[in-house]
Amino acid sequence: MGGSLYTRGLHALDRGTFAYLSPPGTWGWSNCGLVVSADRALLVDTQFTVALTRELLDAIEAQCPGVVIETVVTTHANGDHCWGNQLLSDAEVIGSAALAHGLADEVQPEQLAALSGQGSPDTPLGDYMRRHFGIFDFTGVRVTAPTRTFTGRLEVPVGDRVVELIEVGPAHTDGDVIVHVPDAGVLYAGDILFIDGHPIMWTGPIDNWIAACDLILATGADCIVPGHGPVTDPAGVHTFRAYLEWVAQRAEQAYAAGLSYWEAGSPSTIPPAYAGWGNPERLVITMAAAYRALGDGAHDLTEVLAHAADAEPRKVSR
């Protein structure tokens, strides 16, 4: 695909697989996947809000009328990938055990609404949160835990085909899962893969994330749906993997030199190959996690986000 497929809505891929894409792929605008066999389906992730998830389900009904979603796979616990789960109460919701364990520790809808709504603090961080999250309406969201959990690998039948769930976290988060459809050569990467945008590493370690990229490549899938950004192929995974290797090297060198994580993550340090990617300030968040793995200790999330907000280039309005 090479990044050519990126318009909003449900797109057919191959052999009953679909990608639901949400440009521009920045904060909160995540992709989903659908695997269909006869009149049965498996849905990979839901959307950030109830209204956005209804749009997703309406698109599925319009393009795949009569299909019953029996299974929902939640790739990780970030709200933009699971806060619509409540609308699929008749489906089995599957996630990793680590995801389920950490769900209560995630930022909750009411907390995010307070941080990004009209009453949010009149600070640089408050301004950042309003600009990136103020568009979303979290009214009525009920965080819905998986009804089935697993560790390692799990095969899930969808009609007469089999879908492979592979736990690859901790990496982006504690409980990351990728979804492989072998008979279609399609893989849904969740937030293990960002295309044309800087990722966020909440947990790490980064070596696990690099290993997850290697695993994606080893599946042989030639059509890969990232958690954010356009549909890609193995070349896109190689590019993203190279970025992670640069981050790992940058973190080690900057930490050894005594730089703070926000200095290490300054957008001014980003090589030209990645300088055009969106949200470069998120490198600060990733560096905070990388530094923690190097022995810097835990960092207060509000502090980390404030440093990221300070690092955001202001010349682009998003």
Could you tell me which residues satisfy side-chain contact (heavy atoms from CB on, under 4.5 Å) with Gln111, sequence neighbours excluded, listed by chain and number?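 Gln111: side-chain contact (heavy atoms from CB on, under 4.5 Å) contacts with Val107, Gln108.
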
Parallel, tilted or perpendicular: which fits the ring planes of Tyr243 and Phe240, with parallel below 30° and perpendicular above 60°?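 It falls in the parallel class, under 30°.
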
In this structure, which one of Thr173, Asp45, Thr46 forms a side chain to side chain donor-acceptor pair (under 3.5 Å) with His81?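 Passing option: Asp45.
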
In this structure, which one of Arg8, Glu55, His228 forms a side chain to side chain donor-acceptor pair (under 3.5 Å) with Ser22?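 The passing option is Arg8.
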
Kindly determine whether Leu21 and Thr7 satisfy side chain to side chain contact (heavy atoms under 4.5 Å, CB included), including the steps that lead there. CA-CA 6 Å; Leu21 304 177; Thr7 56; 5.9 Å; no

Could you walk me through whether Leu87 and Val50 pass the side chain to side chain contact (heavy atoms under 4.5 Å, CB included) test, one step at a time? CA-CA 8 Å; Leu87 295 184; Val50 172; 4.1 Å; yes

Out of curiosity, [X] [atom1] to [Y] [atom2], how far, rounded to the nearest 0.5 Å?
| X | Y | atom1 | atom2 | result |
| --- | --- | --- | --- | --- |
| Leu56 | Ile69 | CG | CD1 | 7.0 Å |
| Leu99 | Glu106 | CG | CD | 8.0 Å |
| Ile178 | Tyr188 | CD1 | OH | 13.0 Å |
| His76 | Leu103 | NE2 | CG | 11.5 Å |
| Asp137 | Thr49 | CG | OG1 | 7.0 Å |
| Glu312 | Asp127 | CD | CG | 8.5 Å |

Is the count of non-hydrogen atoms from other residues, nucleotides or ligands lying under 6.0 Å from Leu301 atom CG greater than 12?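 Atom CG in Leu301 is crowded, with more than 12 foreign heavy atoms closer than 6.0 Å.
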
For Asp300, look at atom CG and say whether over 12 heavy atoms of other residues, nucleotides or ligands are found less than 6.0 Å away.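 Yes, CG of Asp300 has more than 12 neighbouring heavy atoms, counting only those of other groups under 6.0 Å.
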
Proximity of [X] and [Y] rings by center, below 6.0 Å:
| X | Y | value |
| --- | --- | --- |
| Trp262 | Tyr291 | no |
| Tyr255 | Tyr261 | no |
| His132 | Tyr128 | yes |

For [Y], is there any backbone N or O sitting under 3.5 Å from a side-chain donor or acceptor partner on [X]?
| X | Y | result |
| --- | --- | --- |
| Arg292 | His299 | no |
| Gln47 | Thr53 | no |
| Arg130 | Pro121 | yes |
| Arg40 | Asp160 | no |
| Thr147 | Val93 | yes |
| His198 | Tyr274 | yes |
| Glu281 | Asp310 | no |
| Asn208 | Ala211 | no |
| Glu167 | Ser96 | no |

Could you report the tightest heavy-atom contact between [X] and [Y], atom names first, then the distance?
| X | Y | answer |
| --- | --- | --- |
| Met201 | Pro205 | SD-C, 4.2 Å |
| Ile192 | Trp209 | O-NE1, 2.7 Å |
| Gly236 | Ile195 | O-CD1, 4.0 Å |
| Asp214 | Arg241 | OD1-NE, 2.6 Å |
| Leu244 | Cys213 | CD1-SG, 4.0 Å |
| Asn31 | Gly229 | ND2-O, 2.8 Å |

Ignoring hydrogens and angles, state whether a donor on the side chain of Arg161 or Ser37 is under 3.5 Å from an acceptor on the partner side chain.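 Not at all, the side chains of Arg161 and Ser37 share no donor-acceptor pair under 3.5 Å.
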
Classify the side-chain pair Asn78/His172 by whether it contains a donor and acceptor separated by less than 3.5 Å.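 Asn78 vs His172: donor-acceptor pair found between side chains.
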
Is there side-chain contact between [X] and [Y], with at least one heavy-atom pair below 4.5 Å?
| X | Y | result |
| --- | --- | --- |
| Phe48 | Phe138 | yes |
| Cys223 | Val231 | yes |
| Leu112 | Phe136 | no |
| Thr219 | Glu164 | no |
| Val163 | Val73 | no |
| Asp222 | Asp233 | no |
| Phe133 | Asp80 | no |
| Leu259 | Arg250 | yes |

Dump the intermediate steps for side chain to side chain contact (heavy atoms under 4.5 Å, CB included) on Ile200 and Trp27, then the final yes or no. CA-CA 10 Å; Ile200 312 106; Trp27 287 107; 4.0 Å; yes

Taking side-chain hydrogen bond (donor to acceptor under 3.5 Å, both in side chains) as the test, write out the residues that go with Asp14, two or more places apart.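 Here no residue qualifies.
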
So, using side-chain hydrogen bond (donor to acceptor under 3.5 Å, both in side chains) as the criterion, who are the partners of Trp277 when residues are at least two apart?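 side-chain hydrogen bond (donor to acceptor under 3.5 Å, both in side chains) check on Trp277 returns nothing, list empty.
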
ILVMFWY network linking Val68 to Phe18, side-chain heavy atoms under 4.5 angstrom: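 In one cluster: no.
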
Single-linkage hydrophobic cluster, 4.5 Å side-chain cutoff, Val181 and Val162 together: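 The answer is no; the residues belong to distinct hydrophobic clusters.
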
Evaluate side chain to side chain contact (heavy atoms under 4.5 Å, CB included) for Leu88 paired with Leu57, printing each intermediate quantity in order. CA-CA 9 Å; Leu88 293 125; Leu57 297 178; 4.1 Å; yes

Which of these, Leu34, Leu43, Leu10, sits in a side chain to side chain contact (heavy atoms under 4.5 Å, CB included) with Tyr20?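 Result: among Leu34, Leu43, Leu10, Leu10 is the only option passing the side chain to side chain contact (heavy atoms under 4.5 Å, CB included) with Tyr20.
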
